[in-house]
Amino acid sequence: MKNAQTALSDLDNPPTAEEVANLKATMDNAKASLDQAQSAYDNAFRRDPAGIGANPAATSLQQATNNYAAAKANYDKAFAKPAASKYTAAQQQVAAAQATLSNLKPQADKIASAEAQVAAAQAKLDGLTPAAETVAQQKAQVDQARAAWEAADKRVNDTTITAPLDGIVTSVKYGMGDWAAAGQSAVAVADFNVPVFEVDVDEADLGGIKVGQAAKVRLQTYPGQAISAKVESISTVGTNNGSVVNYKVKLSLGKAEGETQPVVLINMSGTSEIVTASTSDALVVPNTAITVDSQTKRYSVDRLKTDNTTEKIEIKLGYRDTSQTQVLSGLSAGDTLVIPSHSVKTTNPGQGGN
């Protein structure tokens with residue numbers, strides 16, 4: 001638009017004084033050159049009229065004439081009125097440029113508005129986005145706060161004792177301000193959910209005991225009630241008591257015989273029986289009726305005959321406990337055995353011993 005308007009204005013505006021002076025100087029210089037060329041041509045013509053066409057003076061005169069004519073034409077053109085066609089063309093260019101400008105102006109306004117919105121948004125973003133130094137400082141503060149919290153949490157944990165199970169504290173060995181010895185228990189906790197009876201088992205008898213086996217416990221406080229139990233665990237470390245090595249076996253207590261469940265307290269003492277094997281319809285005899293041959297290592301009993309005499313019968317033993325033994329062969333139910341100072345009959349109680 002600016003170029004078209006300038007071109008139209010230039011058609012009406014007269015040349016400036018500086019432009020006229022430049023054009024006139026150019027024309028005067030061309031006239032002086034022409035006069036010099038004319039003088040040189042005239043001298044050459046007088047000397048050799050016939051050869052003037054081939055003389056360089058003729059060529060120089062022609063060039064000087066052309067240069068003067070061109071300079072004079074430019075000078076005259078500066079004061080000549082432009083043709084109407086140039087006005088029309090320039091006006092058409094101005095009109096086209098104005099139409100284009102009218103179409104582009106709304107778009108330019110939109111562009112300017114969008115650019116202003118972008119600039120405002122960028123300024124807002126710059127205000128919201130922290131500098132790298134600020135982020136580093138904030139992160140350092142967060143790290144310091146986290147380290148302080150972790151140290152405080154560790155101190156709390158170090159001063160807090162958490163029991164590994166639910167139960168009742170039965171003893172506290174240290175008071176406030178006491179120094180606790182390394183490796184020593186400070187608090188004793190008893191679990192009363194499932195009472196446990198602990199017994200010492202000789203290593204010679206340990207081979208027949210397995211976790212899960214049934215047992216019975218009789219507490220000294222309740223000698224008339226047998227409490228059902230089960231082998232819960234067997235210690236892997238034995239205790240050497242002189243020539244005997246014992247292992248701790250824990251029995252978890254269940255229901256007691258009878259309607260009344262005894263109250264089990266800590267450190268109650270009693271006896272226990274662990275059922276290492278069982279059988280049904282076993283033929284059993286008192287242990288006092290059995291004798292063993294020291295040389296043959298065979299077992300036998302004295303059976304009473306119908307004539308009231310005795311005969312020694314070799315028997316094969318099965319399961320046994322502290323009071324009676326199963327007989328696998330050699331006797332029959334109803335046989336009468338002789339025991340020193342009294343006699344008894346073999347029995348078939350219908351259940352096995354232990």
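Note that these values count all heavy atoms, side chains included, but never hydrogens, waters or copies made by symmetry.
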Any side-chain heavy-atom pair of F197 and S272 under 4.5 Å: yes
Worked verdict on L251 versus I274 for side chain to side chain contact (heavy atoms under 4.5 Å, CB included): CA-CA 9 Å; L251 309 176; I274 299 175; 4.2 Å; yes
Closest heavy-atom pair and its distance - W179, Y174: O-CE2, 3.6 Å
Point-to-point distance, once rounded to the nearest 0.5 Å, from OG1 of T26 to NZ of K31: 15.5 Å
Same apolar cluster (I L V M F W Y, side chains within < 4.5 Å links), V211/L253: yes
Modelled atom types, side-chain donor and acceptor of N287 and T325, under 3.5 Å: yes
Chi angles and distances behind the side chain to side chain contact (heavy atoms under 4.5 Å, CB included) call for T162, N157: CA-CA 9 Å; T162 303; N157 292 334; over 6 Å; no
Donor + acceptor pair across side chains of Q220, S269 (<3.5 Å): yes
Under 3.5 Å: donor-acceptor pair, side chain of D335, backbone of S332: yes
Q326 side chain vs Y319 backbone, donor-acceptor pair below 3.5 Å: yes
Residues V231, V249; criterion side chain to side chain contact (heavy atoms under 4.5 Å, CB included); working and verdict: CA-CA 7 Å; V231 177; V249 176; 4.0 Å; yes
Sub-4.5 Å side-chain heavy-atom contact between T239 and V245: no
More than 12 heavy atoms from other groups under 6.0 Å of NZ on K312: yes
Flag, side chain of D153 to backbone of W149, donor-acceptor distance under 3.5 Å: no
Separation between OG of S60 and CG of L34, rounded to the nearest 0.5 Å: 11.5 Å
For V217 against A229, the heavy-atom pair lying closest together: CG2-CB, 4.0 Å
For R218, all residues meeting salt bridge (Lys or Arg N to Asp or Glu O under 4.0 Å), sequence neighbours excluded: none
Shortest non-hydrogen contact from A64 toward A37: CB-CB, 3.8 Å
Validation row: K216, E257 side chains within 4.5 angstrom (heavy atoms): yes
Steps toward side-chain hydrogen bond (donor to acceptor under 3.5 Å, both in side chains) verdict (E18, N22): CA-CA 6 Å; E18 184 180 358; N22 289 334; 4.6 Å; no
Heavy-atom pair with the smallest gap, counting every atom of A44 and A57: CB-CB, 4.3 Å
Donor-acceptor contact present, side-chain S228 to main-chain K255, <3.5 Å: yes
All side chain to side chain contact (heavy atoms under 4.5 Å, CB included) counterparts of K305, not counting sequence neighbours: D307, T309, E311
Approximate separation, where rounding is to 0.5 Å, of Y68 OH and N29 CG: 12.0 Å
Main-chain N/O of T296 paired with D293 side-chain donor or acceptor, under 3.5 Å: yes
Qualifying salt bridge (charged side-chain N to carboxylate O under 4.0 Å, His left out) pairs, either residue in residues 43-62, two or more places apart: none
hydrophobic_cluster_shared for I227 and M268, side chain cutoff 4.5 Å: yes
Single-linkage hydrophobic cluster V199~V244, side-chain heavy atoms < 4.5 angstrom: no
Pairing residues for K139 by the salt bridge (Lys or Arg N to Asp or Glu O under 4.0 Å) criterion, not counting sequence neighbours: D143
Non-neighbouring partners of N308 that pass side chain to side chain contact (heavy atoms under 4.5 Å, CB included), sequence neighbours left out: L304
Heavy-atom pair of closest approach, residues L331 and I313: CD2-CG2, 4.3 Å
Expected output: side-chain T65 to main-chain L61 donor-acceptor under 3.5 Å: yes
Within-4.5 Å side-chain heavy-atom neighbours: K230 and S252: yes
V292 with L337, same ILVMFWY side-chain cluster at under 4.5 Å: yes
Backbone N/O of V263 and side chain of Y222: donor-acceptor pair under 3.5 Å: yes
Side-chain touch L317/I290, heavy atoms, less than 4.5 angstrom: yes
Between OG1 on residue T221 and CG on residue L265, distance to nearest 0.5 Å: 7.5 Å
Pairs touching residues 196-213 that satisfy side chain to side chain donor-acceptor pair (under 3.5 Å), sequence neighbours left out: D200-K248
Test item: I209 and I234 side chains (from C-beta on) under 4.5 Å apart, heavy atoms: yes
Short side-chain to backbone donor-acceptor contact, Q225 and A256, under 3.5 Å: no
Audit row: N67, Q63, side-chain hydrogen bond (donor to acceptor under 3.5 Å, both in side chains) steps and yes/no: CA-CA 6 Å; N67 290 338; Q63 292 176 349; over 6 Å; no
